[in-house]
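Proteins come first, then strands; the chains are lettered A, B, ... in the order of their sequence lines, and each starts at number 1.
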2 protein chains.
Amino acid sequence: MAATMKDIARRTGLGLATISSYFNGGNVREKNRIKIEEAIEELHYEVNEVARGLKTNATKTVGVVIPELNNVFCAEIISGMEDILRSHGYAAIVCDCRTDKKLEKEAVDFLTRKRVDGIINMPVDMTGAHLNEFQKTGKPIVLIDRMIQGISCDCVLVDNVNAAEKAVGMLVEQQHQKIGLIGGPDEVFTARQRMLGYMKALKDHGIAVDEKLICHGDYTIQGGVQAVEELVKENPDMTAVFVTNYEMTMGAVIGLNEMGVSMPEEISLVGFDNLPFARACRPALTIVSQPTEKIARETAQIMLERLEGREELPDHIVRKLQTDIFMGKSIRRQG
Amino acid sequence: MAATMKDIARRTGLGLATISSYFNGGNVREKNRIKIEEAIEELHYEVNEVARGLKTNATKTVGVVIPELNNVFCAEIISGMEDILRSHGYAAIVCDCRTDKKLEKEAVDFLTRKRVDGIINMPVDMTGAHLNEFQKTGKPIVLIDRMIQGISCDCVLVDNVNAAEKAVGMLVEQQHQKIGLIGGPDEVFTARQRMLGYMKALKDHGIAVDEKLICHGDYTIQGGVQAVEELVKENPDMTAVFVTNYEMTMGAVIGLNEMGVSMPEEISLVGFDNLPFARACRPALTIVSQPTEKIARETAQIMLERLEGREELPDHIVRKLQTDIFMGKSIRRQG
DNA sequence: TTGAAAGCGCTAACAT
DNA sequence: ATGTTAGCGCTTTCAA
């Protein structure tokens, strides 16, 4: 069995409170401090965070619930957050719910039982039902990427309407008129926002929205392949496509590739996310690039402030970040 | 505050042991079971796993320490493992150590304090020093992808020598002789294995190993870019390259792209990992494909057996999995 | 500064 | 089948 504080107390002849005080930054006489440190060394003592958590009602652990770890956008954000959280002594329990509402609810309940100090969630269930019970604990929730109407909590978002607008605007500037959209599932917040931006850009330039040019993918690679195939088949006059997430962008490139449709000669393309992939394509892809680093940092910081912050914070913080465009060579000037 | 078992006891008029028994599958009279369930419902009771963990000395949590979450190979494996672990009631605390030995040691100590029931590790420090203390707890360790000499524990590996041999063999069959290697850091186990396979393949076909054709990258995208640029510059007679991980494969494709070197006309290429990326390239890449799903499953299963298994297991299980080749069009027949 | 003791929420003997 | 009780390892009053 691992050594306990009791063992240290016995070995040093000191009381439990003194040892505890030592670990919690209290004042301990110099010679006792030395005795304690020797005992720790010899016994290989490591604080038992479980016991501490039970007593203090704080586990120094935050739960992270996301739709797919196996999705570069999510992985990058988690990687960044975990780094910051751990450097502040917090562990991250990551739960991948496979874009499944039932699993998402289960994950939140699971984390509730684990008594995590807070939850960071990129929500799948847009009703927020999965968070209701947890919210009653009064512990902080930070939502990433997608807002939920009914839930009042902090939120780190990306300005997706603007992102899509800029992307489609660039195509229009190059004289494209028949611009296809490979959108995401209609129930996903970001997908709706990006669709909105697409429509806004068209309308602002006096181009009519054509339903036939809009295709709802499912944010997966295979979905992107299918969508682009469908779009190309159904719209011989289409000259450009805007793809609204990374996986589908990759899928669209695969699809064009395998159909033998040349880019940008036959079809111009603006994709989403993942700079390295954009650079690896031939020709390099023009893409919307999301600030994953910044999302990670903001989210972790807000969570840490809620957990540790002394000063009063506003009721719920909403941060909206802007995207960049990486200019590749996948857009051809039309006409 | 959250409801406790005491609250349920009070509300139902039953004793603590009965409630505990209810939660742990003991026998409880039907009418009491109903009373308990009503109380749970009304009080929104959720078991406190922290308290349970303190008592049972088992946290139902496993630690996962990896070099980079932001690396598709790692992300895929974690995603798969987490799924299986959670479906068995285990949480996964993921620690990304950024390929830093110091951070890796810190992560393991951190997890030790958190009293995780076991650790899954894709090791960075090949001396295994970071695991010594944890191993003294007697709790299970499962290593992924890289074996450590000094540490006796379970291990799920990929047959990387064979993988590289097959890959290089394919190039030789197409009459390539001057085959470049973009290898990984020399201190990484898999990198050495892949290098071994490369050499073995050349020797078996009577081709002399040329140091100038070997380049050590760092397993990153940017490293791949640099490596391919160097190799192409230094070796005008080189006709093919074998790249030994996904990030560098992407980097190599970017490099060729940006140098304007055509593939496979000027340079044939065999890459590593990530089927979708291979398909998205033009032309599609021929790659070595690692069984990430299977690695995840095997690892999680071994861990679960160590944690729950009644039957006696061998001292340390070593599983070695085979790779596949995905045939793209990035190899040109030479001469 | 240090020690004694209570208690966080749960499980597991043991007794009934 | 159910109740009583001790104790997991820690923090935190309260006294000394």
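- Considering all non-hydrogen atoms of both residues, A/F110 and A/C95 come closest at CD2-SG, 4.5 Å.
- Atoms OG and CG, on A/S21 and A/L16 in that order, are 12.0 Å from each other to the nearest 0.5 Å.
- The nearest whole Å value for the distance from the CZ atom in B/R52 to the P atom in C/dA12 is 9 Å.
- The backbone N or O of B/I8 sits less than 3.5 Å from a side-chain atom of B/T12, completing a donor-acceptor pair.
- Between B/R115 and B/T61, the side chains place no donor N or O within less than 3.5 Å of an acceptor N or O (distance only, hydrogens not considered).
- If you check distances only, the side chain of A/K55 does reach the base of C/dG7 with a donor-acceptor pair under 3.5 Å.
- In this structure, B/D7 atom CG and C/dC10 atom P are separated by 9 Å, rounded to whole Å.
- What separates CG of A/N32 from C1' of C/dG3 is a distance of 12 Å, to the nearest Å.
- Mapping B/V28 and B/N57 onto DNA chain D via the closest heavy atom, the residue that lands nearer the 5' end is B/V28.
- Both A/S20 and B/N27 lie close to DNA chain D; mapped to their nearest nucleotides by heavy-atom distance, the more 5′-ward contact belongs to B/N27.
- If you check every strand for non-hydrogen atoms under 4.0 Å, B/V50 touches nothing.
- With hydrogens and angles disregarded, a donor-acceptor distance shorter than 3.5 Å links the side chain of B/D7 to the backbone of B/T4.
- Between B/N24 and the phosphate of C/dT11, there is a side-chain N or O to OP1/OP2 separation shorter than 4.0 Å.
- What separates CG of B/L43 from P of C/dG9 is a distance of 14 Å, to the nearest Å.
- Per the geometry, CD1 belonging to A/I36 stands 11 Å off C1' belonging to C/dT1, to the nearest Å.
- Centroid-to-centroid, the aromatic rings of A/Y45 and A/F23 come within less than 6.0 Å.
- An end-to-end axis angle of 30° holds for the helix from C/dT1-D/dA16 to C/dT16-D/dA1, taken from five base pairs per end and rounded to 10°.
- A/C74 and A/M122 get closest at one heavy-atom pair: SG-SD, 3.8 Å.
- Side chain to side chain, B/R319 and B/T299 fail the donor-acceptor criterion of an N or O pair below 3.5 Å.
- Protein chain A touches strand DNA chain D; the 5'-most and 3'-most nucleotides with an atom under 4.0 angstrom of its non-hydrogen atoms are D/dC8 to D/dT12.
- A/M5 places its CE atom 13 Å from the C1' atom of C/dA5, with the value rounded to the nearest Å.
- Remark: the backbone N or O of A/K60 is paired with a side-chain donor or acceptor of A/D117 at under 3.5 angstrom.
- Contact annotation for B/Y45: backbone-only contact, meaning every heavy-atom pair under 4.0 Å involves sugar-phosphate atoms and none involves a base.
- An OP1 or OP2 oxygen of C/dT2 is reached within less than 4.0 angstrom by a side-chain nitrogen or oxygen of A/R29.
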